[in-house]
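Here the structure comes first, spelled out in structure tokens, and everything after it is commentary.
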Amino acid sequence: MAFQLMQRFILAIGLGLAPAFAVFAQDCTMPASVLIHSCQADMTVRLRVMPDNRQIDSNHLLTVTGTYSSGDRFGIEGLVIQAGQTVSRRYQNWDGVLVIDQNGAPHLYNARNVALGDDRFNLKQKPRRDAFIAKAKDTGVTVLQSHLLISGGTLDLRDVENAPSFKRRLLITFRDGSFGIWETARSETLYAAALQVQDALNPYMALNLDMGAYDYCRKNAKSVCGSLRVSADKLTNLLEFTRR
């Protein structure tokens, strides 16, 4: 509740209280729905394409499932580039694009307006998408697609009748560049989850992460925070948060 009130207070009065926000960020009190937030530690994000043999070390903070796996279990769904190397060419018409830069910082974009260096790309247009892919590979960034729930502070989805309900986990970013992982307390539709996170934290962007049977979550290397219902060898991708 304190976090929510502070967020609203700052938004209401604008930039005039930047110093007050800095004090609050040092305190970094978070609701239980936030699994991790970048104000808690100087951290990097890494995409793990499974299987891999990476060993968790003392710098590990959180690992969760990233985007969706293909129904045929062929691999990761959507366009995926890992550190400049193409992993999946299965581009989807989803609005959400995650770009992890060379320093391990995550950036969320609407697919119609993705920034990379000094350029902007509309990935809905194939020529611009091809140009983006070429530049992403050249600059060595990581790219992942998923459904975008909040774009520029505004809901990016409609309330669909009889939509399925599951526990939801989201990657969220804020206007100041900070980021975190948030999840619902119980099963919700995507629309309900988007409303909840908007009301609680008012993020600038929110990207849906895969859960359901693929609900993998490990915190501080030992604590299990998910309910994986498939064998671990079915996992295709994970997002790993590590202390810098």
Side-chain angles (χ1 to χ4, degrees), residues 11 14-15 18 37-39 42-49 64-70 75-157 170-182 190 194 197-198 201-210 236-242 244:
L11 289 169
L15 298 177
H37 192 281
S38 58
C39 70
D42 182 13
M43 68 180 72
T44 63
V45 184
R46 177 180 181 269
L47 170 66
R48 293 178 58 190
V49 175
V64 295
T65 310
T67 193
Y68 317 114
S69 298
S70 298
I76 312 173
E77 197 59 77
L79 172 67
V80 183
I81 299 170
Q82 183 188 42
Q85 301 297 313
T86 302
V87 175
S88 169
R89 299 180 182 273
R90 294 186 171 194
Y91 174 80
Q92 296 290 337
N93 197 36
W94 301 326
D95 282 354
V97 178
L98 166 63
V99 176
I100 303 174
D101 66 26
Q102 301 92 327
N103 297 316
H107 308 272
L108 291 180
Y109 298 104
N110 189 298
R112 294 177 177 82
N113 188 21
V114 181
L116 193 55
D118 296 328
D119 296 325
R120 293 272 176 174
F121 301 88
N122 183 351
L123 303 194
K124 306 282 185 175
Q125 301 171 349
K126 190 176 186 305
R128 293 303 290 159
R129 182 165 73 246
D130 291 344
F132 168 80
I133 291 171
K135 184 162 186 175
K137 294 171 68 175
D138 184 59
T139 54
V141 299
T142 291
V143 179
L144 203 67
Q145 284 190 275
S146 187
H147 288 105
L148 194 64
L149 305 189
I150 294 176
S151 179
T154 302
L155 292 183
D156 192 61
L157 75 171
L170 312 180
L171 172 62
I172 54 176
T173 60
F174 298 87
R175 291 180 184 271
D176 64 357
S178 61
F179 58 91
I181 294 290
W182 177 91
L190 279 177
V197 74
Q198 185 181 53
L201 301 176
N202 195 30
Y204 188 62
M205 309 289 278
L207 186 82
N208 189 52
L209 301 180
D210 198 10
T236 65
N237 70 107
L238 300 170
L239 290 176
E240 183 178 82
F241 297 76
T242 304
R244 195 184 299 273

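Between the side chain of Gln198 and the backbone N or O of Gly153 there is at least one donor-acceptor pair closer than 3.5 Å. One N or O on the side chain of Ser38 and one on the backbone of Phe179 form a donor-acceptor pair closer than 3.5 Å. For the pair Gln82 (side chain) and Thr142 (backbone), a donor-acceptor distance under 3.5 Å is absent. In this structure, the side chain of Ser88 engages the main chain of Ile76 through a donor-acceptor pair within 3.5 Å.
The CG atom of Asn208 sits 8.0 Å away from atom OG1 of Thr67, with the distance rounded to the nearest 0.5 Å. Here the straight-line distance linking atom CE of Met205 with atom OG1 of Thr154 works out to 10.0 Å at 0.5 Å rounding. Rounding to the nearest 0.5 angstrom, the gap separating the CD1 atom in Ile181 from the CG atom in Leu239 is 6.5 Å. Note that the NZ atom of Lys135 and the CD1 atom of Ile81 stand 13.0 Å from one another [nearest 0.5 Å]. With rounding to the nearest 0.5 Å, the separation of CG in Asn110 from OG in Ser151 is 4.0 Å. Atom CZ of Arg128 and atom CG of Asn122 lie 8.5 Å apart (nearest 0.5 Å).
Heavy-atom minimum distance, Leu149 versus Leu157: O-CD2, 3.4 Å. Residues Leu171 and Leu108 come closest through the heavy atom pair O-CD1, 3.5 Å.
Annotation: side chain of Leu209 is not in contact with side chain of Leu170 (no heavy-atom distance under 4.5 Å). Residues Asn237 and Leu47 form a side-chain contact, since some pair of their non-hydrogen atoms from C-beta on lies under 4.5 Å apart. Side-chain contact between Asn202 and Phe174: absent, with no pair of heavy atoms (C-beta onward) separated by less than 4.5 Å.
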Could you give the side-chain donor-acceptor pairs of residues 91-106 under 3.5 Å, partners two or more places apart or in another chain?
unit_1 : atom_1 : unit_2 : atom_2 : d
Tyr91  : OH     : Leu123 : O      : 3.0
Gln92  : NE2    : Glu77  : OE2    : 2.9
Asn93  : OD1    : Lys124 : NZ     : 3.1
Trp94  : NE1    : His147 : NE2    : 3.3
Asp95  : OD1    : Arg112 : NH1    : 3.2
Asp95  : OD1    : Lys124 : NZ     : 2.8
Asp101 : OD1    : Asn103 : N      : 2.8
Asp101 : OD1    : Gly104 : N      : 3.1
Asp101 : OD1    : Ala105 : N      : 3.0
Asp101 : OD2    : His107 : NE2    : 2.9
Gln102 : NE2    : Thr139 : O      : 2.9

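Phe132 is linked by a ring-ring contact (aromatic ring centres under 6.0 Å, His included) to Phe121, counting only residues two or more places apart in sequence or in another chain.
Aromatic rings of Phe241 and His37 (six-membered ring for Trp) have centroids beyond the 6.0 Å cut-off, not under it.
More than 12 heavy atoms of other shown residues, nucleotides or ligands fall within 6.0 angstrom of atom CZ in Arg244.
At a cut-off of 3.5 Å, with distance as the only test, a side-chain donor of Ser70 or Arg90 sits close to an acceptor on the other residue.
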